[in-house]
Amino acid sequence: MLFVEPRFFLFFAVVFGLVWILRNNLWRKRVLTLASYVFYGAWDWRFLGLILLITVISYLVGAAASRYPAGDRTRKLALTAGIVASLALLGVFKYFNFFADSFVDFAGMMGFSAGSVTLNLVLPVGISFYTFQAISYMVDVHRGDIGARRSFLDVAFYIAFFPQLVAGPIVRASEFIPQMDTARKWADVSVRACLTLFLIGFIKKACISDNIAQYVDVIFADPSSFAASQVVAGVLLYGIQIYCDFSGYSDMAIACAGLLGYKFPANFDSPYLSANIQDFWRRWHISLSSWLRDYLYIPLGGNRRGNGRRDVNLMTTMVLGGLWHGASFNFVIWGFLHGIALIVQRFWHQLVARRVPAMGLLGGFIGGAVTFYWVNLAWIFFRAADLGEALSISQTYLTWSSAGQNVLPIAVWPLLACVGLAHWLSHRFGAQEMIERLAPNRFAVTYGAIVAIAIAFVPLGYRPFIYFQF
Amino acid sequence: MSERGIMSRLRVTLVPCVIGAATFALVASGFSLALRRAAPVPDMNVLSPKLAAYRDHAADYDTVFIGTSRTFYHIVPDEVETAMQAEGCQRPNVFNFGVFGLTGAEQDWLLDQVLAAGQGALRTVVMEDPLPEARSLDDATNERARFFHAPSDYSATLNSISSFPESAPKKVFRLGMFGAGAAYDLSGVGRAAEFFFPAPVKPAPYEMDMSSDGFEILGSISSPDIEARRKDFVDHPEKYDEALTRYGAASDEAVEARAVYLETRLRRLQAQGLNVALFVSPDPEELDRTPRVGLELARIAPDLSVLNFNRPDVYPDLFGRNLWFDHSHYGEEGARKLSRLAGAELCRDLKQSDAGGQHAVR
């Protein structure tokens, strides 16, 4: 069930109506938890058992934390066991085949013969997201940031809440759980802001990402048959596709939660307008990057143990962040490329930037262009089906040479320019705020007209969100 | 809260909703209609290759059969031509314009295309009673249905629905489906996407062998649907016997309106100087309806040719179970047998009408 499908609108209308008709907070939570399981079960009801199991683990770790004082060994043991169990489930479903195949290949390279032990497992949608949310609950309770919930329903609701269940944002327990203690008030819901954000997300996903996906698909399927300018454009199109797809989902998720009275943190902040790679990671998939910072990079030591150790921590975090996206060396390389960029930027900052005069706007522009170019180079590894294909496209991307002659049936560079300009204008002038500040009747006219035009740009056919696979 | 307070709050909520919905309807339909004008005719399997073939060779054909899959799989042009010649008519050149699931609005459009392309050569149009309108939501919202839900088709569709001999609840259902189809079309979903973001790889257009002038032997090209229908026919002989008992059964569904509807369409063609005939194909599943429509038309318009073959008592040879491929379509033998009869009867009728006209026989 996708946010852009008619059946979701029907589902949401029913849930929305029920939630606001009910006055009792407990009943609202029950309805929302049940609705979330229905939402998740619409993909595959068999995975409901998995999400329930992770919820039980989280609840038990929380219960242990409330029973034993801080610093107690049993409390630490319970947390470790809970995290290991959650990651083990994630590992079995997501990474077992990858590591088993890699081991067999490695053994073969060493001259040993090892039989294949690949499991025929279907990847449960959104498993990486709700596993991280579960870990967030366990760690936040252990650290004392929030109290353990006595009610199993609360933990189940936090982990399964449907707007963020399958593709984030990864909402921290310490941010979300306090919100469920009191009944949300309709008066606190900014309806126009939520509707506008949902519409913006819808346009990003259905009107931009889904339309350009077809061109990205053909170029990545047979890059050698396309002219170099088309391959490079295809890579940039993928950059736009994944941004619009994922940030569009996040916008819609935040808007849906907002309409139900709950606040999610922002997940994107015009990342392609970043001046450098560090800035990019403050603005791209913010909930994941901050999660990795707080639950991985800082526990590893962060920048507290010298520059060398910091770089190792940085690279470890980025590579594991890459692996979080999927069980493939391509994702590892994607993380590695970002790790390299972050380390190079640190060197640049320490060795060069401090000794030359600031270049102001021009410096920001050059930094932004280099960042954008590098980020898109890394996307090639994220998107390509295998390493060979990624290397072939990277070569064309870096050298602008290809023997292919094919061109896409659209003026791809003007399209890229239009999308880029629209993005910059919307960021510069705050299109979202402009719309939501309109008086109710003007808002209605504007909203109706934009929806009407947006619907005409929705391509027919089913295209799931890219991040569902993670 | 006081009653006044509730009303005020309702107004504050509802007025923007109504304004938003009205704006949406206006902008979406305007945008959709503008894009519709720019959009090409979609590729409609069977219909598109037949129309293209007919347009290419319109000067060669003087007789066209237009109808549903029962025309497509039942009318063998060669057999019709031979039979007409044997009956004393000049050998015509027949084109089979049978199309799966042809409805009223579609038949109107197709007739317009045929008349435009066949000017000069076309002498005779044999028309089958079109099928009822959309039978499911998918029937109302697929690409072909969308093309035929243009505002200019509304009147033809409503005429077809109102005249079709079926119960009031069914008519209401069809109106609902028509409304859904029209709303879907006017919403413009996907229209701008198709226009501004053309597919990088266009699907290959549907192709068919036109060496038999539009006829195809059912089963010669298989599909899961065709196989399933065949299997059901083979596995359930009792259904066929059951269907035959429906012939002559009392029915509450009035056929008069449908006869008038068909007469109007035939007269419109006749007014253009064409010979016309209604073709009622054998179809066990329609034994309680189509024969009565044919008889009613013959009653109210005795001068019109009605080839009413769906009558087991008059044409027992056409109802041997071995002739049928599935519950409502012939195999090759049945098609050839029916085509010979159709050719002979058409020639006889044309010769009769030729006593007063000049178009029947060249």
Side-chain angles (χ1 to χ4, degrees), chain A residues 4-6 20 186-187 191-192 195 199 203 206-222 225-226 230 234 237 241 406-412 414-415 418-419 438-461 463, chain B residues 1 5-6 8-40 42-43 137-138 140-147 180 183-203:
Chain A
V4 293
E5 279 183 288
W20 291 112
W186 176 246
V191 178
R192 271 176 276 166
L195 290 177
L199 180 57
I203 290 170
C207 305
I208 302 174
S209 175
D210 286 358
N211 275 313
I212 59 182
Q214 56 185 334
Y215 306 122
V216 174
D217 289 350
V218 291
I219 286 177
F220 274 78
D222 188 13
S225 70
F226 282 90
Q230 304 291 293
L237 281 177
Q241 183 199 345
N406 284 355
V407 291
L408 293 169
I410 50 161
V412 63
L415 172 69
C418 286
V419 174
L438 291 171
N441 290 354
R442 284 188 180 186
F443 175 83
V445 169
T446 310
Y447 201 83
I450 296 175
V451 170
I453 292 169
I455 277 183
F457 278 92
V458 175
L460 303 177
R463 259 188 194 277
Chain B
M1 193 184 286
I6 292 172
S8 158
R9 204 162 165 183
L10 262 177
R11 199 169 54 241
V12 167
T13 309
L14 283 179
V15 168
C17 288
V18 171
I19 291 174
T23 309
F24 169 78
L26 273 173
V27 176
S29 52
F31 195 37
S32 175
L33 291 174
L35 288 166
R36 170 186 266 281
R37 292 172 72 91
D43 184 53
L137 197 58
D138 183 54
T141 54
N142 59 38
E143 203 179 5
R144 171 172 150 184
R146 189 173 200 185
F147 180 73
Y184 177 70
D185 174 59
L186 286 175
S187 75
V189 178
R191 266 215 170 109
E194 264 175 29
F195 192 77
F196 292 103
F197 296 94
V201 184
K202 288 210 166 86

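Per chain, numbering begins at 1; letters A, B, ... match sequence-line order.
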What part of Leu415(A) gets within 4.5 angstrom of chain B, counting heavy atoms only: side chain, backbone, both, or neither?
side chain
Against chain B, label Val445(A) side chain, backbone, both or neither, depending on which of its atoms sit under 4.5 Å from a heavy atom there.
both
Restricting to non-hydrogen atoms, name the atom on Leu35(B) and the atom on Ala456(A) that form the minimum distance, rounded to 0.1 Å.
CD1-CB, 4.4 Å
Given a strict heavy-atom distance threshold of 4.5 Å, which part of Tyr447(A) is in contact with chain B: side chain, backbone, both, or neither?
neither
Non-hydrogen atoms of Pro409(A) and Ala199(B) that approach each other most closely
CG-O, 3.9 Å
Report the distance from atom CG of Asp210(A) to atom CZ of Phe197(B), rounding to the nearest 0.5 Å.
11.0 Å
What donor-acceptor contacts under 3.5 angstrom involve side-chain atoms of residues 21-31 of chain B, with partners at least two apart or in another chain?
unit_1   : atom_1 : unit_2   : atom_2 : d
Thr23(B) : OG1    : Ile19(B) : O      : 2.7
Ser29(B) : OG     : Ala25(B) : O      : 2.6
Ser29(B) : OG     : Leu26(B) : O      : 3.2

Which atom pair, heavy atoms only, marks the closest approach of Ala193(B) to Phe457(A)?
CB-O, 3.5 Å
Please give me the minimum heavy-atom distance between Ala444(A) and Pro16(B), naming the atom from each residue.
CB-O, 3.1 Å
For chain A, which candidate among Gly188(B), Cys17(B), Gly190(B), Gly20(B) shows the most heavy-atom pairs at distances under 4.5 Å?
Gly190(B)
Need one label for Ile453(A): side chain, backbone, both or neither, based on atoms under 4.5 Å from any heavy atom in chain B.
both
Does anything in residues 190-199 of chain B form a side-chain hydrogen bond (donor to acceptor under 3.5 Å, both in side chains)? List the pairs, not counting sequence neighbours.
Ser32(B)-Arg191(B), Asp185(B)-Arg191(B)
Is Val201(B) close to chain A through its backbone or its side chain, or both, or neither, when contacts mean heavy atoms under 4.5 Å?
side chain
